[in-house]
Amino acid sequence: MMSAAAGPWFWLGNETLKVSAALFALNRRRLCERLRNNADISKGAIVLLQGGVQSQRYCTDTDVLFRQESFFHWTFGVTEADCFGAIDVDSGKSILFVPKLPENYAVWMGKIHPPEHFKGKYAVDEVLYTVDIASALSAKKPSVLLTLRGVNTDSGSVCKEASFEGISQFNVNNALLHPEIVECRVFKTDMELEILRYTNRVSSDAHKAVMKAARLGMKEYELESVFLHYCYARGGMRHTSYTCICGSGDNSSILHYGHAGAPNDKTLTDGDILFDMGGEYYCYSSDITCSFPANGKFTADQSAVYEAVLRASRAVMKAVKPGVAWPDMHRLADRVQLEELKKIGILKGDVDDMIKAHMGAVFMPHGLGHFLGIDVHDVGGYPEGVNRIELPGLKSLRTARELQERMVLTIEPGIYFIDHVLDQALNDPAQSCFINNEVLQRFRGFGGVRIEDDIAVTANGMELLTCVPRTVEEIEAHMADGAGVSKAFERVVLTEQL
Ligand SMILES: [Mn+2]
């Protein structure tokens, strides 16, 4: 509980986390400080953000469940749709603009709240109706309206800048705000870290419930529903951070399995399972992957591959600290995994030579991890001056930055046996010379193993936010123990806690 900070709170009762509106006041303060230090921004500037818009299912009148736009959430913490928010950069004063709903909407929406209600709920300085934006802002005579336009470096999509009738009468700059607010979001405050610890704790417990519930003969989606139910019933998490990826057997090597064309509908048979799922609370995410055997017992091959990935994960965790370049952590994970694959007998030859031939990407074709925050692939991975490394594996990294305190990232090494990628490697003499095809044959159809944890970079190292059974022994013991008791698991890494 964040008892140190004052209310008002966002709270869903029971054992859910109380989040103070002070979190967003601090975010606005940090943003204004950055903007005041930007020589290109004149005195009298006003930030104007447009929140998410309520949408309907295609041409029907059925509302799609609303989830706030991430920048707007970071700045105001407002859960309602169709709002705008403004901040006077010099004074830091905030105005929230809410839609003026017709009286008769009360029939469908319940009580229509007056502006005063939102002022109390979100602790902003002023609340007005959106219909009054143009007149309210022009009365403040801003030198410039700073609106938000910029490219999301993961999706390539451009965020939607604020727009209202009458905006053409203002001097608008849509370029200056984006890099500044993105940079603020990269560094998590104590209050934000508290929420991320919470989303991780609940999602970790939900993964543990899934492991206990797993039985041969079940459908993957039955276990998806165990996860969703736990997160919502126990954690107040109405949303997940992304569509649950629940791949068993061969499906565990499909990186984004679970989409509409492959809706987690395979029956669990012997073979491993890879479940990548994260609950979201008050728009803050989590992103955790557990790989475990469907029948509760690792085979020799399963445990060899699993422990190879676990060694890579823990080697990275021991190396993470401020000043370390994230691509070097990806290279470290590759090296450990290649060494282990050589021990298993799948690879042969010199590991340095394998690295030169980019063998790491044959088994781990994705990046080691990414920023995490309000978005599961959080913003800020490639600010100006940080460039993507155009090499196999490394090019998939969602950031190539140097680590700094208060960054939150996933660490998610993996080893996958993807026929298409393996066949390509076997057809390339520069790579096939390292592969012992006879041993590899045994692993065709094996699927994959990924181990994904969320961490926060601290002054001297890192804090592990995720807490699930990780060693082979812990997983087998947890799955064998049907009683549902919660137990502490070994935290391999440790360093200064924040
Ligand atoms: Mn991830």
Side-chain angles (χ1 to χ4, degrees), residues 70 152-155 185-186 188 195-197 199-204 206-207 210 224 227 231 237 239-247 251-259 264 273-281 283-292 309-310 312-314 316-317 320 326-327 329-330 333-334 337 360-361 363-382 388 393-401 403 407-416 418 447-457 462-468 470:
S70 297
N152 181 300
T153 55
D154 293 308
S155 64
R185 279 180 58 184
V186 169
K188 275 64 179 177
I195 308 187
L196 292 166
R197 284 187 195 102
T199 58
N200 259 271
R201 180 165 59 74
V202 174
S203 300
S204 292
H207 271 282
V210 165
E224 177 183 14
F227 182 85
C231 285
M237 295 169 157
H239 296 268
T240 48
S241 323
Y242 50 96
T243 306
C244 292
I245 300 167
C246 310
N251 293 334
S252 55
S253 63
I254 303 172
L255 298 185
H256 286 172
Y257 183 69
H259 57 82
N264 298 323
I273 306 185
L274 182 155
F275 279 6
D276 184 340
M277 311 184 285
E280 179 184 285
Y281 184 73
C283 292
Y284 279 83
S285 59
S286 62
D287 186 6
I288 300 171
T289 307
C290 293
S291 300
F292 55 95
V309 179
L310 187 61
S313 156
R314 270 44 197 176
V316 169
M317 288 188 184
V320 160
W326 190 237
M329 296 296 93
H330 181 98
D334 266 348
Q337 293 192 157
F363 297 94
M364 182 170 78
H366 60 71
L368 175 67
H370 49 83
F371 286 148
L372 178 88
I374 295 176
D375 292 317
V376 65
H377 297 153
D378 214 24
V379 292
Y382 289 98
R388 218 170 261 276
L394 290 160
K395 68 170 189 261
S396 302
L397 282 174
R398 293 174 192 278
T399 181
R401 289 177 71 153
L403 299 182
M407 286 177 171
V408 171
L409 300 104
T410 67
I411 295 176
E412 50 179 308
I415 292 178
Y416 312 86
I418 305 169
V449 166
R450 173 164 67 251
I451 296 174
E452 179 176 30
D453 293 290
D454 302 342
I455 64 112
V457 181
M462 50 149 273
E463 177 189 349
L464 181 57
L465 306 174
T466 306
C467 189
V468 291
R470 278 303 188 207

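Note that ligands are numbered from 1 as they come in the structure, with each ligand's atoms numbered from 1 the same way. Remember, it's a predicted structure, so these values are computed and weren't measured experimentally.
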Quiz item: Centroid-to-centroid, Tyr416 to His366, below 6.0 Å?
Solution: yes
Quiz item: Can you find a heavy atom in the side chain of Tyr382 that is under 4.5 Å from one in the side chain of Leu397?
Solution: yes
Exercise. Identify, with sequence neighbours excluded, every residue that meets salt bridge (Lys or Arg N to Asp or Glu O under 4.0 Å) alongside Asp276.
Key: Arg450
Quiz item: Does atom NE2 of His256 have more than 12 heavy-atom neighbours from other groups under 6.0 Å away?
Solution: no
Quiz prompt | Modelled atom types, side-chain donor and acceptor of Asp154 and His370, under 3.5 Å | solution = no
Quiz item: Any luck finding a side-chain donor-acceptor pair between Ser70 and Asp375 under 3.5 Å?
Solution: yes
Self-check item: Protein-derived N, O or S atoms lying under 2.8 Å from the Mn ion (ligand 1), waters excluded
Solution: 4
